[in-house]
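In what follows, chains carry the letters A, B, and so on, assigned in the order in which the sequence lines appear, proteins first and then strands, with residues in each chain numbered from 1.
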Amino acid sequence: MAARLNSAQREAVETLSGPLLVLAGAGTGKTRVVTYRIARLIQHGTQAHRILAVTFTNKAANEMQQRCAALIRRRRGAPRPEISTFHSLCVRILRRNAKQAGLPEQFPIYDRADQESLARAALREINVPGEMLRPSDLLALISHWKSAAVRPGEALRRAASDREHLAASAYRRYQKALEAAGAVDFDDLLLRTWDLFECASEVRRTEAARFDHVLIDEYQDTNQTQYLLVKALAEEHRNLCVVGDDDQSIYGWRGADVTHILRFERDWPGAKVVRLEKNYRSAAPILELANQLISYNRHRHPKQLRAARSGGVKPRIVAFPDEQIEAEEIVGEIRRAIWDGASPRDFAILFRTNQQPRPFENELRRQQVPYVLVGGMSFYDRREIRDMLAYLRAIATPTDDAAIDRILNTPPRGIGDTTRKRLLEAAVARGVPLWDVISKGPLPSDLANTAATAVSEFRKLIERLAARFDRSGIATSIRYMIDAIGYAAELDRLYSDPNERLSRWAAVEELVNAAAQYESRAKRPTLVGLLDEIALGGQDDSRDKESQLQQNAVALMTLHSAKGLEFPYVYLVGLEEGLLPHTRSIEIDGSAIDEERRLCYVGITRAQDRLTVSRAKTRRKWGKIRETLASRFLFEMLGMSDRAGDIARQARRRLDTSTGRPLPDKKADRSKPVKSKPSKSSPRHRASRRSR
DNA sequence: GACTCGAGTCCCGCC
DNA sequence: GACTCGAGTC
C-alpha cells in the first residue's frame with residue numbers, strides 16, 4: 001500500500017512508535033496519512049480496538065471511519081479502531097464513571113439555548129445591566145475560562161475589571177445552576193473528564209490503558225483541556241501521533257492554542273517531525289496566492305506548499321457594485337457553467353459571517369440552481385424540534401430544569417408567567433429541581449386554583465408519557481407523545497401559512513424517522529442514548545454537513561465550516577475590511593488579524609482548479625447602505641504590502657471615528673478597485689452595464 | 001393568561 | 001432588515 005505514498009507521507013506512516021508530529025499543509029494528503037497509519041499499525045499486530053483516533057468534528061470522524069473500513073479488510077464483528085471526537089470520547093468516559101465524576105447516572109447535555117437561559121438567569125440574579133454584559137458575552141467568557149481549565153474561584157481571583165468580576169460571579173451561579181440540574185454543558189464534557197482524571201488516578205489509568213496508540217487530528221486546534229487530556233492518555237506508552245497545520249489554526253476564539261503544536265517537540269522529547277508540503281489539491285497559481293498571503297503571519301512553522309500539478313488558471317479578483325449584484329453575477333456564472341456540463345456539487349461559495357449567504361440564497365432559488373446551506377440553522381435548532389427534544393429530555397431526566405421550563409406551557413395550557421415564576425422560586429428556595437416541586441409538591445400556596453389544576457394536569461401528562469416510554473420502543477413512543485400533547489393542533493394555531501405548517505410538521509416527522517433510525521442502528525437503544533447523539537452533533541441528523549455535501553448542489557458555507565473540504569470551483573466572497581478581517585479582529589489587532597489571515601488562507605486553499613475572490617463596493621447593513629473598504633488581504637495576496645498597510649490604517653481610523661461602525665466615507669476607497677485582469681466575460685463588465 | 005404591536009437591539013466564527 | 005421584549009388590551 002505504501003507505493004501510493006510520497007516519501008514524506010511514507011515516513012509518517014511507517015514511524016510506528018514514539019511521539020510523532022506530522023506538520024501537514026493544506027491539501028497534502030493528511031487524511032490519507034492518518035488512515036494508512038492506522039491500517040499499518042493493525043498490519044503490524046496492534047489490535048484495532050486499541051487504537052484511538054481523535055478528531056474535532058463528527059464529519060471528520062465519520063469520514064475517517066469510512067476510509068479506514070475501506071482500507072482494512074475486516075472480519076464481520078471484528079473490533080474497529082476507536083475513532084471519535086473529543087466530546088464523544090469524554091461522554092463515554094463520563095458515563096462509564098458517572099459516580100466518581102459526581103454526576104447523576106443519566107446526566108443531560110445542555111445545548112446553546114439551555115446555556116443561554118442559564119446565563120440570563122445568572123445575570124438577572126446578580127443584577128447585571130444588559131448593556132454591561134449580555135448573555136452571549138457571558139457564555140463566550142465562560143467557554144473561554146472552561147477551555148483554559150479555569151474554575152469560577154480562579155476566574156474571580158483573576159478578574160481585572162468590574163466587568164470581568166461580574167462575569168466571574170455570574171459564572172459561579174451559572175455553574176451552580178448547572179450542577180443543581182445535574183447537567184453538563186459542552187465545555188464541561190472535557191473539563192469534568194479532566195477533573196475526573198485528576199481526582200481519581202485509577203480511572204485515568206484504566207481509561208488510558210484501553211489504548212496502545214493515540215492519534216490526534218487537527219492538533220493546532222486543541223485547547224488547554226484537550227491538551228491535558230491528550231497528555232493523560234498518552235504519557236504511559238508515548239505512542240502519540242499528532243497531525244496538524246499551524247497555518248490553519250482558526251479556532252483561537254474558542255480557546256484553541258496554536259502554541260501546543262509549536263512546542264510539541266519540547267513537550268515530547270525525542271519526538272520525530274515530518275513535514276508534508278507537497279500539495280495535491282490546488283493548481284499552482286492558487287497556491288502562489290495562498291503562500292504569498294500567509295507569509296504575512298509572524299509566528300509559524302515556516303512552510304511552503306509546492307504544487308504537485310503543473311499549469312492551472314490564475315485566480316480572479318473581482319469587485320461588484322453591491323452585495324446583490326455580487327450574488328446575481330456569481331450565481332449566473334455558476335448556472336452557465338452547469339449548463340456547460342459542470343456539476344453543481346463542484347462549486348462552493350465561501351463567506352466569513354452567517355449574514356452573508358442571504359442574497360446568494362435568494363439568487364440561487366431565483367435562478368433555480370440547487371444549493372445547500374451548510375451549517376447555520378440546524379435541523380435541531382428549529383423551534384418545533386427544540387420543543388420535541390425538550391419533552392424527550394424532560395421524560396429521560398426530569399431534573400432537567402431547562403427542558404421542563406420550556407415545555408411547561410408549550411402548547412399553552414394555562415401555566416402563565418406568574419405561575420412559572422412561583423414554581424421556579426419554590427424550587428430555588430427548597431433547593432430541588434423544578435420537577436420535584438411539580439411532582440412531589442406541595443405547590444406554592446399562592447397559586448391560583450386554575451393554575452394549580454393546570455400544573456397537576458401537566459404532571460399527569462409527563463408521567464403518562466414516561467410510562468409509555470418504559471413500555472414501548474422509542475419511535476413509537478415519540479409518535480404517541482406528539483399526539484398526546486396535541487402538537488399538530490399547536491402548529492395549526494401558530495402558523496397560518498399552510499406551507500410553513502407543512503414544513504414544520506415535516507420536521508417533526510423527520511425527528512420520528514431519526515429516532516427510528518437510531519433504534520435500528522444502536523446496540524442497546526435508550527432515550528438518553530438518542531439524546532446524547534443529538535447533543536453531540538447528531539450523527540443521524542439527515543441534514544448534517546456530510547449528507548448535505550453528498551447532494552448534488554452548490555455548497556454555501558462559512559470559512560470555518562469549509563475547513564477540510566475541497567472543491568473544483570471556489571468563490572471566496574465579501575473580501576472587505578469589517579468582514580474579512582472582521583471588525584472585532586480589527587479592534588483587537590495583532591494575533592486576531594493573523595487568525596483572520598489564516599481563515600482567508602483556508603478559503604483559498606479549498607480551491608482545486610478555479611478560484612474567484614470577490615468583494616462588494618457597497619453593502620447594506622441593518623437596512624442602510626454603506627461604502628466598504630477593500631480587504632487588506634486582497635493586496636497582501638498580490639504582494640502589495642504598502643497598499644495593504646494603507647488599508648489597515650484606514651480601517652482603524654474608521655473604527656476610531658465611528659465607535660466600531662464603519663460610516664459611509666466619500667473619500668475612502670476612491671482608489672481603483674483591486675486590479676485584476678477581467679476577461680470579456682468577467683462579471684464586472686456585465687455588472688457595470690446594469691442600472692440599479 | 002394570551003395576544004398584538006411598536007420600540008429597541010442585533011454587530012463573528014462552532015463542537 | 002429581522003428579531004426580541006415589554007407594555008397595553010382583551
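The nearest whole Å value for the distance from the CD atom in A:Gln355 to the P atom in B:dC12 is 8 Å. Look at CD on A:Gln356: it is 13 Å from C1' on B:dC11, rounded to the nearest Å. Per the geometry, CD1 belonging to A:Ile250 stands 9 Å off P belonging to B:dC14, to the nearest Å. At whole-Å resolution of the value, OH in A:Tyr251 and P in B:dC15 are 6 Å apart. Rounded to an integer number of Å, the gap from A:Leu580 CG to B:dC12 P is 14 Å. Remark: P of B:dC14 and CD1 of A:Ile142 are 20 Å apart, rounded to the nearest angstrom. Between the CZ atom of A:Arg597 and the C1' atom of B:dG13 there is a distance of 18 Å, rounded to whole Å. Between the OH atom of A:Tyr601 and the P atom of B:dG13 there is a distance of 24 Å, given to the nearest Å.
At a threshold of 4.0 Å, the pair A:Glu63-A:Arg67 counts as salt-bridged, since one of the basic side-chain nitrogens sits closer than that to a carboxylate oxygen. Salt-bridge formation is detected for the pair A:Glu576/A:Arg619: a Lys NZ or Arg NE/NH1/NH2 atom is positioned less than 4.0 Å from an Asp or Glu carboxylate oxygen. Contact check on A:Asp246 versus A:Arg598 returns no salt bridge, with no Lys/Arg side-chain nitrogen under 4.0 Å from an Asp/Glu carboxylate oxygen.
Looking at the side chain of A:Thr419, the nearest of the listed nucleotides B:dG1, B:dC15, B:dG13 is B:dG1. The listed nucleotides are B:dG1, B:dC14, B:dC12; the one nearest the side chain of A:His582 is B:dC12. Closest to the A:Arg584 side chain, of the nucleotides B:dC15, B:dC11, C:dA2, is B:dC11. Checking B:dC15, B:dG13, B:dA2 against the side-chain heavy atoms of A:Thr57 singles out B:dC15 as nearest. Proximity note for A:Phe186 (side chain, C-beta onward) versus B:dG13, C:dA2, B:dC15: the nearest is B:dC15.
When each of A:Thr353 and A:Asn409 is assigned the nucleotide of DNA chain B with its nearest heavy atom, A:Asn409 is the one assigned upstream, toward the 5' end. Toward the 5′ end of DNA chain B lies the nearest nucleotide of A:Pro412, the other residue of the pair A:Asp187 and A:Pro412 mapping further downstream.
Of the side-chain N and O atoms in A:Ser561, none sit less than 4.0 angstrom from OP1 or OP2 of B:dG13. At the phosphate of B:dC12, neither OP1 nor OP2 sits under 4.0 Å from any side-chain N or O atom of A:Ser585.
There is a side-chain donor-acceptor pair under 3.5 Å between A:Asp187 and A:Ser143.
In terms of heavy-atom proximity, A:Arg606 sits nearest to A:Ala562 at CD-O, 3.3 Å.
Both geometric conditions, a ring-centre gap below 5.5 Å and a plane tilt below 30°, are fulfilled for A:Trp253 over the base of B:dG13.
Using a 4.0 Å heavy-atom distance criterion, A:Arg420 is classed as making no nucleic acid contact.
Between the base of B:dC14 and the side chain of A:His560 there is no donor-acceptor pair shorter than 3.5 Å.
With a 4.5 Å cut-off on side-chain heavy atoms, A:His560 and A:Leu599 count as touching.
Atom C1' of C:dG6 sits at a distance of 23 Å from the matching atom of B:dC11, rounded to the whole Å.
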